[in-house]
S.K.: 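Mind looking over this structure? Questions follow.
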Amino acid sequence: MKWSQTYIPTLRDDPTEAEIASHRLLVRAGYIRKLAAGVYNYLPLMQRVLLKVTQIVREEMNASGAQEILMPVLHPSELWRQSGRWETVGRELMRARDRHDRDLVLGGTHEEVVTSLIRGEVKSYRQLPLNLYQIQNKFRDEIRPRFGLMRGREFIMKDAYSFDKDEESFKVAYQKMLDAYFKTFSRCGLETRMVEADTGAMGGKAAHEFMVIVDTEGGENIIFYCDKCDYAANMDKASSLEENPQEEEESEKPLEKVATPDAKSVEEVTAFLDVPARKLAKTLLYKADGKVVAAMIRGDRQINEIKLENFLGCINLEMADAQTVEKITGAAVGFAGPLNLKGVTIVADEEIPRLRNFVTGANQNDYHFKNVNIGRDFKIDQVTEIRCAQEGETCPRCEKGKLYTNRGIEVGNTFMLGTKYSQALGANFLDVDGKEKPFIMGSYGIGITRTAQAAVEKFHDEKGIIWPASIAPYSVEVLPLNVADEMQTRVAFEIYEKTKEQGIEALIDDRDERAGVKFNDADLIGLPLRINVGAKSLKENKVEIGVRKTREVISVGQNQAVEKCKELLSDL
RNA sequence: CGGGGCGUGGCGCAGUCUGGUUAGCGCACUUGCUUGGGGUGCAAGGGGUCGGCCGUUCAAAUCGGCUCGCCCCGACCA
């Protein structure tokens, strides 16, 4: 393709809309343009990248035995009501209304649709297993769209859905998808780490996420992994062994109410009373679907609301507002404690029962209790793990290794749905034993647009993008330094034609621009190889091949250029 | 939704506080010359309902109200 004939609106200056490197570069290099918050145009170069990624995904999905279909974007709300997600997904669901005032959903995922598609049609275990997938624009009413394509309101996703007759068969199907995912991302030039994840509004039994590990702020997720075994989980899911599972061997001291004027935060109280944070129990009040619940956790810990929400089995969990706190505890926020807390369920982290003679709020302004002891002073209703794991703690799986953290970009996810959707929507089949059973389902997503941007976030430098060869919009850029020089132009076009004959996708920068402009644009758009055709080299019948990734420049005879590129590309 | 900020040629911004010339600058664009291995130089041009509506005023980009959109921080996250 000739540069002069394609639309590549590069910018000399950084766009202000972008915060992270990949977003900035995609805009600056003329790959994307924003239409509205979280909604983007994909320009010619981007479209080529997306087609490359899509093609790889398609090939690997097909190889795994999945079949491509295309489902509607527009869904009737009834389906989402049947599955219960009209309520549970709530705010993220992109909704619309037609002229008859009927509610519609712009699909962000298609469990309901695909289940209704096969229900009534797939009636026998003989028709299983089945895996259907599609690649399509998806919608999500993001609370705050961010980071370009990373967190958009409209984006492209591959979503696959598997149907099996039993757990055994499902395991095989699930493993097939995991294998396909590793292959897919690896072919895109991205090493991924699979981590355990929470199932969220998706429901089901278990879930995994595929993360591209990055060390920039573009990595939105924190993942925990063990240095000794293969345990890896995201922040929501990660757990750790208790550092001290024995009960503390301290004899109970008498309960004491102490004045703690203006000391509300853990830091203030522990400093004032001169006790370590781990000897204090925070009491946090939540509203779980409207019902007030108290969560107790050690002072040096962070609460994991996902774990609490899952434990309570509620749809909506939020911190109680100051008014509610005052009504329940009779004191301002910061002085809540478990003693004399009436009509509220107390859920405690599993570390709490180990504590002896600890500090809690007194449910009275400017007072705390010291030497609080469970059993003697108050009762806990339920105990479970509701704390966040922390770096350096012991791995819950092998019980030997230490946990480390990394930042990651989620590019794929897989969910073991079980029978959640098949049951809710009445999708059953007849098994060998003649009994009617709901399908065992799995759902599997790959963010196409997000994967492309993750590659940029992972591979770039201060000059621009450095595409992995497999998903670069073109493999080679041919760059005649001065198009006014007929010789250069002629040789450049000869080489360009030859790349095409050899099946190498090339872009030729035939614009009448200064060499510097073209060099900078070339670095910016980030094709793996560049062939410089300039007067200096041509004197010796040579051209230069620049490798974007290594910045290496190789001088070769003008007739060897294409062969050399082929060779270089096989390693990129 | 809470906190902060922005909206002025295609892009990036100044001007707004303290109302009053013809609304200005850089980049980009057009034409001519020049230059030709890392964003050439010179000259001449084109392009703006100052987000929108209502109001105050002799006079509004500038003051007030409403509204729309966008960005940042936070809560949320298939």
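Everything numeric in this text was worked out from a predicted model, so none of it was measured.
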S.K.: Any N/O pairs under 3.5 Å between the protein and nucleotides 68-70 of chain B? List them or say none.
M.R.:
{"from": "C70(B)", "atom 1": "OP1", "to": "A37(A)", "atom 2": "N", "distance (Å)": "3.2"}
{"from": "C70(B)", "atom 1": "O3'", "to": "K34(A)", "atom 2": "NZ", "distance (Å)": "3.2"}

S.K.: On the nucleotide C1(B), are OP1 or OP2 found under 4.0 Å from the side-chain N or O atoms that R144(A) carries?
M.R.: no
S.K.: Is C63(B) paired to anything, Watson-Crick or G-U wobble with both distances less than 3.5 Å, and if yes, which nucleotide?
M.R.: G55(B)
S.K.: Which residue, F163(A), Y421(A), F170(A), forms the ring-ring contact (aromatic ring centres under 6.0 Å, His included) with F439(A)?
M.R.: F163(A)
S.K.: Test your reading of the model: is there a side-chain donor-acceptor pair from S22(A) to the backbone of V456(A), 3.5 Å cut-off?
M.R.: no
S.K.: Flag yes if more than 12 heavy atoms outside M71(A) fall under 6.0 Å of its CE atom; otherwise flag no.
M.R.: yes
S.K.: Below 3.5 Å is the cut-off: list the nitrogen or oxygen pairs between protein and nucleotides 27-29 of chain B, distance only.
M.R.:
{"from": "A28(B)", "atom 1": "OP1", "to": "R12(A)", "atom 2": "NH2", "distance (Å)": "2.8"}

S.K.: Rounded to the nearest Å, what distance is computed from the CG atom of residue D14(A) to the C1' atom of nucleotide G39(B)?
M.R.: 14 Å
S.K.: Quick one: on RNA chain B, does N221(A) or E544(A) contact a more 5' nucleotide (nearest heavy atom)?
M.R.: E544(A)
S.K.: Among V478(A), L479(A), V553(A), whose side chain to side chain contact (heavy atoms under 4.5 Å, CB included) with R530(A) holds?
M.R.: L479(A)
S.K.: Under 6.0 Å from the CD atom of E486(A), do we count more than 12 heavy atoms belonging to anything else shown?
M.R.: no
S.K.: If you draw a 6.0 Å radius around NZ in K176(A), do more than 12 non-hydrogen atoms from other residues or ligands fall strictly inside?
M.R.: no
S.K.: Please list all pairs meeting salt bridge (Lys or Arg N to Asp or Glu O under 4.0 Å) that have one or both residues in residues 66-83 of chain A, counting only residues at least two apart or in different chains.
M.R.: R58(A)-E68(A), R81(A)-D103(A)
